Amino acid sequence: MGVSEVMTIRQKLIEVQKKIGHKVLSTIKKDLCPLKELLNSYAVGFDASYSKRYGGIAVATLVNINTNELISYAIAMGEPPLEYIPGLLAFREAPLYYTAYLSLVKKIKTTPRCFIAIIDGHGIAHPRNAGIASHIGLALNIPSIGVAKKRLYGIEKVRNVNKKSKISIEGYVYDPKTDEPLAAVLVPNKKKRIYVSPGAYITLESAIRIIQLLLEPDYRLPTPTYYADLISRRISRCLDNGRCTPETVGGLQRTLEHYANTNRA
DNA sequence: GCGACAG
DNA sequence: ATCTTGTCGC
């Protein structure tokens, strides 16, 4: 594209994603961290809610993969730099996630060799293989997995494989251009389905294994994003009804950690 | 030109 | 994501 060509913001961001997607695909052929080690590590979950008064409320949770227990969490809030545009979600939400992650790492004492990031949204199951989970994985330099509630891109094929395992795999989503599998369609409970795709630094197979472990009976979302969703919504609601302020939300920490753990089956 | 379209 | 009442099911 020549230097004199006019590009809209949208077109520039799409070009950025093409480069990200290309790099991401080279990182998901093998696991950066051995699966055996990941299974005994911690997951960092990300989700966001939106407050009418304060903008985006992003939450990063730290969960023990073996026990599904919420260990800690950190929040970040601020006006999103971009409106929501299908395919460009990362440019809207990733900045706040990044800030929340830095805050979380700063407050926890132990630093496991291998973290795994779980993001509410897609990884490589994206038009340019650059979903928000891929953006996060590259930015944080840790393996990441995208868990979405709705399909964005790709052809869904029902296969009904792995009926044996507790959380069954209903099928896969394939890339119409390469015919490669991009995501697995899991069925956490009778009616709800979720789309699991690698973000970066992890294979689809390992991503599926991890998510199956993080899904508790009858819960649609894996615990890391489930807790993040719960906490971010409580905080944005608290801010909007005036019962707390940005300065006092930190005081909710102990209460919400306990709330999340006890509110679980 | 006509749909599809993460959160 | 958010706006919102009643309602089906355990």
Side-chain angles (χ1 to χ4, degrees), chain A residues 10-11 13-14 16-17 20-21 24 45-61 75-98 100 117-137 144-156 172-177 182-186 188-200 204 207 211 216-222 224-241 263-265:
Chain A
R10 179 192 173 110
Q11 291 173 323
L13 297 181
I14 285 176
V16 169
Q17 285 191 326
I20 290 176
V24 160
F46 294 93
D47 193 22
S49 291
Y50 291 87
S51 156
K52 201 67 180 178
R53 308 175 56 179
Y54 299 97
I57 315 294
V59 173
T61 58
I75 75 175
M77 45 199 292
E79 206 57 43
L82 191 72
E83 61 177 329
Y84 169 70
I85 300 172
L88 301 181
L89 174 66
F91 297 104
R92 173 178 170 81
E93 297 190 340
L96 278 181
Y97 288 165
Y98 186 74
I118 314 294
I119 296 90
D120 199 53
H122 291 286
I124 64 170
H126 174 281
R128 295 166 291 280
N129 306 120
I132 187 168
S134 298
H135 281 247
I136 293 294
S144 62
I145 303 172
V147 178
K149 297 178 286 296
K150 290 185 292 189
R151 185 193 63 82
L152 169 66
Y153 171 78
I155 299 173
E156 198 169 331
Y172 289 90
V173 172
Y174 296 87
D175 191 322
K177 292 181 292 192
L182 300 175
V185 183
L186 302 192
N189 63 46
K190 262 309 193 242
K191 209 63 181 180
K192 305 294 187 178
R193 301 178 306 167
I194 56 174
Y195 299 81
V196 177
S197 63
L204 175 58
I211 297 303
E216 296 224 317
D218 297 328
Y219 280 69
R220 184 186 194 182
L221 298 178
T225 48
Y226 171 76
Y227 294 143
D229 175 82
L230 198 70
I231 294 169
S232 66
R233 269 210 292 251
R234 265 182 94 81
I235 291 178
S236 65
R237 180 165 64 85
C238 175
L239 289 169
D240 279 346
N241 64 28
N263 195 44
R264 184 156 52 88

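Convention: sequence-line order gives letters A, B, ...; per-chain numbering from 1. Owing to the predicted nature of the structure, the values given are computational and were not obtained by experimental measurement.
For the side chain to side chain donor-acceptor pair (under 3.5 Å) test, no residue two or more places apart in sequence or in another chain qualifies with A:R151. Under the side chain to side chain contact (heavy atoms under 4.5 Å, CB included) criterion, A:A130 pairs with A:Q17, A:I20, A:H126, A:H135, sequence neighbours left out. In this structure, A:N129 has no side chain to side chain donor-acceptor pair (under 3.5 Å) partners at least two apart in sequence or on a different chain. Partners of A:Y54 according to the side chain to side chain donor-acceptor pair (under 3.5 Å) rule, which considers only residues two or more places apart in sequence or in another chain, do not exist here. For A:Y195, the side chain to side chain donor-acceptor pair (under 3.5 Å) partners are A:E156, A:R193, not counting sequence neighbours.
At whole-Å resolution of the value, CG in A:D47 and P in C:dA1 are 7 Å apart. When rounded to the nearest whole Å, the span between CD1 of A:I235 and P of C:dT2 equals 13 Å.
Contacts with DNA chain B (heavy atom under 4.0 Å) in residues 192-199 of chain A: none are found. The stretch residues 119-127 of chain A does not touch DNA chain C, since none of its heavy atoms comes less than 4.0 Å from the strand.
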Taking protein heavy atoms under 4.0 Å as touching, what does nucleotides 3-10 of chain C look like 5' to 3' if B marks base contact, S marks sugar-phosphate-only contact and - marks none? --------
Dot-bracket for DNA chain C, please. Rules: Watson-Crick or G-U, both distances under 3.5 Å, ( ) within the strand, [ ] when a pair crosses earlier ones, | for another strand, . otherwise. ..........
Output the pairing pattern of DNA chain B as a dot-bracket string, 5' first, Watson-Crick or G-U wobble with both distances under 3.5 Å, | for cross-strand pairs, [ ] for crossing pairs. .......
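Here chain A contacts DNA chain B (any atom closer than 4.0 Å to a heavy atom, that is under 4.0 Å), and the contacts span B:dA4 to B:dG7 from 5' to 3'.
For residues 76-87 of chain A, the set of pairs meeting the salt bridge (Lys or Arg N to Asp or Glu O under 4.0 Å) definition, not counting sequence neighbours, is empty.
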